[in-house]
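A short worksheet on the structure shown next.
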Amino acid sequence: MFLLMYTTIENALKSRTGLHDVQLTDGGEHADLASTVAFTLAKERKQSPVIIAEELARELHGDPAFEHIQVTVKGPYINFLFGPSYVSRTLEEAVKPGYGSQPQRRERVVLEHTSANPNGPLHVGHIRNSILGDTLARCFRKAGYRLEVQYYVNDMGRQIAIVVWGFDHLDTGAMDGEKADHYVARIYIAANRELASDPGLVAEVDTLMQQVERSENATVRKFRSAVTQCLDGFHVTMGRLRVHHDRFVWESDFVRNGDTERFLSRLHRLPEYHEDGKVWLDLKAAGFEKEYVLRRTDGTTVYATRDLAYHMWKGKNFDRVIDVLGADHKLIGGQLQATMHLVGEKAPDIIYFEFVSLPEGAMSTRAGKFVSADELMDEVTKRAFAEVTVRRPELNEDTRKSIAVSVAIAAIRYDIVKISPEKSTIFNWKEALDFERQSGPYIQYAHARACSILEKAGEFSEAYDLKDPHGIALAKHIAKFPAIIEEVVQDLKPHLLATYARELADQFNAFYHYEPVLKSEGITRQSRLTLVTAAKNTLKESLESLGIDAISTM
RNA sequence: GGGCUUGUGGCUUAGCUUGGACAUAGCGCCGGGCUUCUAACCCGGAUGUCGGGGGUUCGAAUCCCCCCAGGCCCGCCA
């Protein structure tokens, strides 16, 4: 409903002013939408903006499209207020299951996220990537796109060679109950320590890497095995986090299937191509001073080469390519985009997120300095269980456990997604364990309250006659949900949904407090119950788009 | 040194792309509210040079320039 109103007003103003751009602003407490075109026109018409605003408003009053939109003027501002029909139509839409879902679109989108090196467990930095990516994925699906989510497995890297070397020389077996990815990290950390103390051993790692590039079977098998163990651990972690990938794509496949060589051969005709022992591209024109090396003097390819082959493949199979990458990838991401442009292929849209560090400094798998996602989830779940037990002692243990799991994931996912990706953050246990604040559980709670009302209400027939301010404000906020999903997808900004969901819970709580539902009677009761249904539904859709369980009791 | 990026009350943070009506919320602080649909809630109050300086504009947190501070990147690593 909101988008419809927006375009109605926008078009009316465009045709009357002759302006191409008549951006509407949020009306705040004054209105549902507002326009400041009067300022823009004041200069060219050499007229007071107040007079222009009044004139425009007069014209709009006679417009049949504005039958249900109240137009008022306050100084130079033209305010638009939506009437009862807007509210009732919103409710009719929002009570339907799947509210906010757009019809299926033709466009096929591939979204890559997480793609952490398989040399140790996912830590709190990696899951910022996972949560951003997974939330975006959920929004894309809701917006009707045909989406495939991919994890790019870096199975040829030096890190993996070090893990393999470690398994060859230092393996003492997994400890009791040790998760596979944590076990890999232990070997990786130990191997790095060995290599640091005896630099002569580095040559052995180099040999392993060359063998893999030549696809030597025995070594390839070792790499696969090490990587697979780690990925098995990742699956468990991401499953708990409700993060899903449709496909795992292995870097080495692009070497073995010849795509990497084919891509290199395509570059020969480019003026930017240079071959002087090594192969490199000159990307100065695109703003990159460094030589972009794609083949070493020893003939082997580098990470960037295989990544290009991977993106080439994605571009051929999908209409739109999106990557979620850490801010440390900004340079190589830019180089990759520039190169894809040069060869006339689809360049990915890249969303970058800044790092999560620890109070004592940057995280490092190699040095063993990190807080793993598993550890985080364990601790937060423990804390959530204690909390549920205090609040709902009458519930049985299994129910409390189940609520605690949902609450913990809500707290973690929301804490991460609510922050703009471009902000670097410092991980803080105290904050992670505290969900009695602007949080995922807060939104879940609003949903649970709505469920509780509906459960007690029993049967009722829908009605759309809202008279009181908090209910109307809530309905108007519900109306914006589809527009928010659209905005998240267009701008690749999942945190907009986090903000929206919190505001929705705010509105619901205010309504809950001031406008009793079950105690009201007649049409008011029916209308409020309809509103609660719509709110519950919108909260549920919002939560699920955020990857958070919409639980009915907590 | 160069590039990218962030800097908003004591702390965390929205808004910045597309400039407009008293800058968004949370935590913490002060004061209220559970015989009333789940108080993981609600209401009121105090707290702001929107990093600093200049500029553009009728109007700047938002655009431009300079400076300061933090983060990241600058490998024939991945």
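Each chain gets a letter, A, B and so on, in the order the sequences are listed, and its residues count up from 1. Computed over heavy atoms, backbone and side chain alike; hydrogens, waters and symmetry mates excluded.
For A:K290, taking side-chain heavy atoms from C-beta onward, the closest of the listed nucleotides B:rG75, B:rA39, B:rA78 is B:rG75. Closest contact between the side chain of A:E387 and the listed nucleotides B:rG26, B:rA40, B:rU6 involves B:rA40. Checking B:rU17, B:rA78, B:rA25 against the side-chain heavy atoms of A:D491 singles out B:rU17 as nearest. Nearest to the side-chain atoms of A:L331 among the listed nucleotides B:rA40, B:rC74, B:rC42 stands B:rC74. Residue A:S420 has its side chain nearest to B:rA14 when only B:rU17, B:rC42, B:rA14 are considered. The side chain of A:D506 has B:rC42 as its nearest neighbour among B:rA40, B:rC42, B:rU6. You'll find that the side chain of A:M209 is closest to B:rA78, out of B:rA78, B:rA40, B:rC74. When the nucleotides B:rA21, B:rC37, B:rA78 are ranked by their closest atom to the side chain of A:V517, B:rC37 comes out on top. Minimum atom distance to the side chain of A:L518 is reached by B:rC37, of the listed B:rC42, B:rA40, B:rC37. Distance from the side chain of A:S452 is smallest to B:rC37 among B:rU17, B:rC42, B:rC37.
Looking at every heavy atom in both residues, A:L546 comes nearest to A:A501 through CD1-CB, 4.0 Å. Here the closest heavy-atom approach between residue A:R383 and residue A:E387 is recorded as NH1-OE1, 2.6 Å. Taking both residues in full, the closest heavy atoms of A:A161 and A:F223 are given as CA-CZ, 3.5 Å, listed atom of the first, atom of the second, then distance. The shortest heavy-atom contact between A:I419 and A:R128 is CG2-NH2, 3.8 Å.
Among the protein residues, A:Y352 comes within range of no part of the nucleic acid, since none of its heavy atoms lies under 4.0 Å from any strand. Nucleic acid contact class of A:F355 (heavy atoms, under 4.0 Å, all strands): none. If you check every strand for non-hydrogen atoms under 4.0 Å, A:V407 touches a base. No engagement by A:A457 is indicated, since no non-hydrogen atom pair under 4.0 Å with the nucleic acid exists. At a threshold of 4.0 angstrom between heavy atoms, the contacts of A:A327 are confined to the sugar-phosphate backbone, with no base atom among them. Counting any heavy atom pair closer than 4.0 Å across all strands shown, A:E251 reaches sugar-phosphate atoms only and no base atom. Note on A:S48: nothing from the nucleic acid sits closer than 4.0 angstrom, heavy atoms only. Counting any heavy atom pair closer than 4.0 Å across all strands shown, A:I419 reaches sugar-phosphate atoms only and no base atom. Looking at heavy-atom distances under 4.0 Å, A:V532 makes no contact with the nucleic acid at all. Nucleic acid contact class of A:Q335 (heavy atoms, under 4.0 Å, all strands): none.
Taking atom P on both B:rU57 and B:rU49, the two are 28 Å apart, rounded to the nearest angstrom. On the C1' atoms, B:rA14 is 25 Å away from B:rC64, given to the nearest whole Å. Separation of the P atoms belonging to B:rG7 and B:rC43 is 28 Å when rounded to the nearest angstrom. B:rA61 and B:rG48 have their C1' atoms separated by 11 Å, with the value rounded to a whole Å. Across B:rU13 and B:rG59, the matching C1' atoms stand 27 Å from one another, rounded to whole Å. Separating the C1' atom of B:rG51 from that of B:rA69 is a span of 8 Å, rounded to the nearest Å. Rounded to whole Å, the P atom of B:rA23 lies 13 Å from the corresponding atom of B:rU47. Comparing the P positions of B:rU24 and B:rG71 gives a spacing of 31 Å, expressed to the nearest Å.
Between B:rU5 and A:K330, no contact under 4.0 Å exists linking OP1 or OP2 to a side-chain N or O. For the OP1/OP2 pair of B:rC77 and a distance below 4.0 Å, the side-chain nitrogens and oxygens of A:R306 include no atom meeting the criterion. The shortest distance between the side-chain N/O atoms of A:R296 and the OP1/OP2 oxygens of B:rC77 is below 4.0 Å. Residue A:Y442 places at least one side-chain N or O under 4.0 Å from the OP1 or OP2 atom of B:rC42. Applying the 4.0 Å criterion to OP1 and OP2 of B:rC37, one finds that A:S520 has every side-chain N and O outside that range. Regarding contacts with the backbone of B:rA40, every side-chain N or O of A:R392 stays at 4.0 angstrom or more from both OP1 and OP2. Contact annotation: A:H495 reaches the phosphate of B:rG15 (side-chain N/O to OP1 or OP2, under 4.0 Å). A:K423 has a side-chain polar atom (N or O) that falls below the 4.0 Å cut-off from OP1 or OP2 of B:rG7. For A:T499 and B:rG15, the shortest distance from a side-chain N or O to OP1 or OP2 is not below 4.0 Å. For B:rU13, the OP1/OP2 oxygens have no side-chain nitrogen or oxygen of A:R502 closer than 4.0 Å.
A salt bridge (Lys or Arg N to Asp or Glu O under 4.0 Å) check over residues 498-518 of chain A, counting only residues at least two apart or in different chains, returns the pairs A:R502-A:D506.
The CD atom of A:E487 sits 13 Å away from the C1' atom of B:rA14 (whole-angstrom rounding). At whole-Å resolution of the value, OH in A:Y512 and C1' in B:rC41 are 8 Å apart. Rounded to an integer number of Å, the gap from A:E291 CD to B:rG2 P is 21 Å. Between A:Y514 atom OH and B:rC37 atom P there is a gap of 17 Å when expressed in whole angstrom units. Rounded to an integer number of Å, the gap from A:K418 NZ to B:rC11 C1' is 12 Å. For the pair A:H470 NE2 and B:rC41 C1', the interatomic distance rounds to 14 Å; values are reported in whole Å. To the nearest angstrom, C1' of B:rU13 lies 11 Å from OH of A:Y414.
A tilted orientation is assigned to the rings of A:F234 and A:Y151, their planes being inclined by 30° to 60°. Taking the six-membered ring for Trp and thresholds of 30 and 60 degrees, A:F427 and A:W429 have ring planes more than 60 degrees apart, a perpendicular arrangement.
Scored by the ring-ring contact (aromatic ring centres under 6.0 Å, His included) test, A:W250 finds no partners at all (sequence neighbours excluded).
Mapping A:V388 and A:P516 onto RNA chain B via the closest heavy atom, the residue that lands nearer the 5' end is A:P516. When each of A:D298 and A:T25 is assigned the nucleotide of RNA chain B bearing its nearest heavy atom, the one mapping closer to the 5' terminus is A:T25.
Summarising the base pairing, B:rG44 is matched to B:rC30 through a Watson-Crick or G-U wobble pair whose two defining distances lie under 3.5 Å. Within the shown strands, B:rC74 is the pairing partner of B:rG1 under the Watson-Crick or G-U definition, both distances less than 3.5 Å. Nucleotide B:rA25 forms a Watson-Crick or G-U wobble pair with B:rU12, both donor-acceptor distances falling under 3.5 Å.
The cationic group of A:R525 does not satisfy the cation-pi geometry with A:F460, failing either the under 6.0 Å distance to the six-membered ring centre or the 45° limit from the ring axis.
Side chains of A:E487 and A:Y500: a donor-acceptor N/O pair is absent below 3.5 angstrom, by distance only.
The base of B:rA21 is paired with the side chain of A:N79 by a donor and an acceptor separated by under 3.5 Å.
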